[in-house]
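One structure below.
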Amino acid sequence: MIEFGHLTHVGLRRELNEDTYYGDADLGLWLVADGMGGHAYGEVASALAREAVVRTVRSGSSLSDAIRIADEDIIRCSKRRGDSLPMGTTIVAARIEGNRFEVAWVGDSRVYLWRDGALTQLSQDHSYVQELIAQGAISPAQARSHPHRNVVTQALGVTAPEQLNVETLSGELRPGMQLLLCSDGLTEEVDDGHIAQVLAHIECSAQECVDGLIAAALDGGGSDNVTAILVRSH
């Protein structure tokens with residue numbers, strides 16, 4: 001059985017929530033998209049991504065194909081509007097079929113796996129600071145306060161389809177495991193140790209855990225829109 005909790009919040013410093021999300025246990029699909037572009041364009045981009053992925057997965061396509069179609073949809077819409085600046089969105093998505101899960105992502109929205117009392121970040125950010133970490137130029141701790149930590153190197157609507165890197169991972173989903181999908185508004189304010197502490201409260205519902213994570217992000221400063229979905233297998 002699958003239980004999931006979900007919540008989004010505009011944060012404490014933004015006027016507009018450009019994050020969007022989707023969750024459907026019957027379809028076995030969950031996603032978080034974090035739009036960017038200003039002038040409400042980020043909101044349009046993330047909504048286009050959500051609609052494209054849901055529609056395409058429903059029609060039987062793979063997660064990675066659905067995300068590629070979302071990229072093309074946003075680029076097409078932007079061209080049609082004659083936008084001077086491209087609108088874009090990150091995305092992280094999960095599919096569950098039977099006892100298997102698959103996750104896919106573009107950008108710096110993340111997916112974590114809680115298993116056997118430990119939290120693991122499954123996704124690897126498509127970001128400037130992640131490239132610096134990979135080169136050994138900075139440490140993960142330094143990345144948290146780096147001035148360019150919000151610069152992504154891949155985003156739907158911004159990255160050309162032939163250069164788009166949709167990364168995927170799959171695995172077995174056993175009872176007691178949890179998948180957390182979130183926008184960077186959560187990970188900007190709440191470190192992995194605190195996330196792990198919240199997910200350890202398995203006596204709480206998935207929704208209560210999500211509520212706790214969003215509250216922690218707001219307590220941390222709420223500098224960005226913040227969205228989280230927690231999918232729990234029973």
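Computed over heavy atoms, backbone and side chain alike; hydrogens, waters and symmetry mates excluded.
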- With a 4.5 Å limit on heavy-atom distance, are the side chains of I138 and H146 in contact? yes
- Message: Donor-acceptor pair, distance only, cut-off 3.5 Å: does the side chain of R100 make one with the backbone of E97?
- Response: no
- Task: Could you tell me which non-hydrogen atom of L31 sits nearest to which non-hydrogen atom of V54, and how far apart they are?
- Result: CD2-CG2, 4.4 Å
- What is the ring orientation for H126 with W105, classed by angle as parallel under 30°, tilted 30 to 60°, or perpendicular over 60°? parallel
- Query: Side-chain contact, heavy-atom cut-off 4.5 Å: I67 with V53?
  - Reply: yes
- Note on the structure: Taking every heavy atom of E18 against every heavy atom of Y41, the minimum-distance pair comes out as OE2-N, 4.0 Å
- Heavy-atom closest pair (S78 atom, P86 atom, distance to 0.1 Å) is OG-CA, 4.0 Å
- Task: Report whether I195 and I229 are members of the same hydrophobic cluster (ILVMFWY, side-chain heavy atoms less than 4.5 Å apart, transitive linking).
- Result: no
- Query: From L169 CG over to F101 CZ, what is the distance, rounded to the nearest 0.5 angstrom?
  - Reply: 7.0 Å
- Query: Between V57 and L63, is any pair of side-chain heavy atoms under 4.5 Å apart?
  - Reply: yes
- Would you check if the side chain of Q207 reaches a backbone N or O of H6 as a donor-acceptor pair within less than 3.5 Å? yes
- How many angstroms lie between atom CE of M87 and atom SG of C77, to the nearest 0.5 angstrom? 3.5 Å
- Can you find a pair of side-chain heavy atoms, one from E51 and one from D73, that are under 4.5 Å apart? no
- Query: Going through the checks in order, is the side chain to side chain contact (heavy atoms under 4.5 Å, CB included) test met by I96 and F4?
  - Reply: CA-CA 12 Å; I96 294 175; F4 72 97; over 6 Å; no
- Test log, rule side chain to side chain donor-acceptor pair (under 3.5 Å), inputs T90 and S109: CA-CA 6 Å; T90 69; S109 288; 2.8 Å; yes
- Item | Side-chain donor or acceptor of Q142 paired with backbone N/O of S139 under 3.5 Å | yes
- Task: Give a yes or no on whether a salt bridge exists between R68 and D71, defined as a side-chain N under 4.0 angstrom from a carboxylate O.
- Result: no
- Quick one: do Y21 and I214 end up in the same hydrophobic cluster if we chain Ile, Leu, Val, Met, Phe, Trp and Tyr together by side-chain heavy atoms under 4.5 Å apart? no
Let me have the donor-acceptor pairs involving side chains of residues 174-187, under 3.5 Å, with sequence neighbours excluded, atom names and distances please.
unit_1 : atom_1 : unit_2 : atom_2 : d
Q178   : OE1    : R232   : NE     : 3.1
Q178   : OE1    : R232   : NH2    : 3.4
Q178   : NE2    : L199   : O      : 3.0
S183   : OG     : D19    : OD2    : 2.9
S183   : OG     : T227   : N      : 3.1

- Item | Same apolar cluster: V151 and L132, side chain cutoff 4.5 Å | yes
- Message: Test of understanding: clusters of I, L, V, M, F, W, Y form through side-chain heavy atoms closer than 4.5 Å, transitively. Do Y112 and L7 belong to the same one?
- Response: yes
- Item | Side chain proximity check, V92 to V103, heavy atoms < 4.5 angstrom | no
- Query: Can E167 and S123 be counted as having a side-chain donor-acceptor contact under 3.5 angstrom?
  - Reply: no
- Query: Do other residues, nucleotides or ligands put more than 12 heavy atoms under 6.0 Å from the CD1 atom of I202?
  - Reply: no
- Query: Is there a side-chain contact between V152 and M36, using heavy atoms and a 4.5 Å cut-off?
  - Reply: yes
- Nearest atoms (heavy-atom pairs only) where R58 meets Y22: NH2-OH, 3.2 Å
- Note on the structure: When every non-hydrogen atom of E188 is compared with those of S223, the smallest separation belongs to CG-OG, 3.9 Å
- What is the minimum heavy-atom distance between R81 and V44, and which atoms define it? NH1-CG1, 3.9 Å
- D224/R13 ion pair, N-O < 4.0 Å: no
- Message: Assigning hydrophobic clusters by single linkage (Ile, Leu, Val, Met, Phe, Trp, Tyr; side-chain heavy-atom cutoff under 4.5 Å), is L48 placed with V166?
- Response: yes
- With side chains defined as the heavy atoms from C-beta onward, is the minimum distance between N225 and T8 less than 4.5 Å? no
- Pairwise distance CD(E102) to CG(L29) - rounded to 0.5 angstrom: 11.0 Å
- Mark yes or no for whether E208, through its side chain, and S205, through its backbone, hold a donor-acceptor pair below 3.5 Å. yes
- Message: For a 4.5 angstrom cut-off between non-hydrogen side-chain atoms, does D192 reach R110?
- Response: yes
- Query: So, the side chain of T159 versus the backbone of L156: is there a donor-acceptor pair under 3.5 Å, distance only?
  - Reply: no
- Task: Starting at OG1 of T89, measure out to CD of E43 and round the result to the nearest 0.5 Å.
- Result: 11.5 Å
- Query: Can you tell me if S46 uses its side chain to pair, donor with acceptor, with the backbone of G42 under 3.5 Å?
  - Reply: yes
- Should we count CD of E203 as having more than 12 external heavy atoms under 6.0 Å? yes
- Message: What's the separation between atom OG in S127 and atom CD1 in I133, rounded to the nearest 0.5 Å?
- Response: 7.0 Å
- What's the spacing between T168 OG1 and N165 CG if we round to 0.5 Å? 9.5 Å
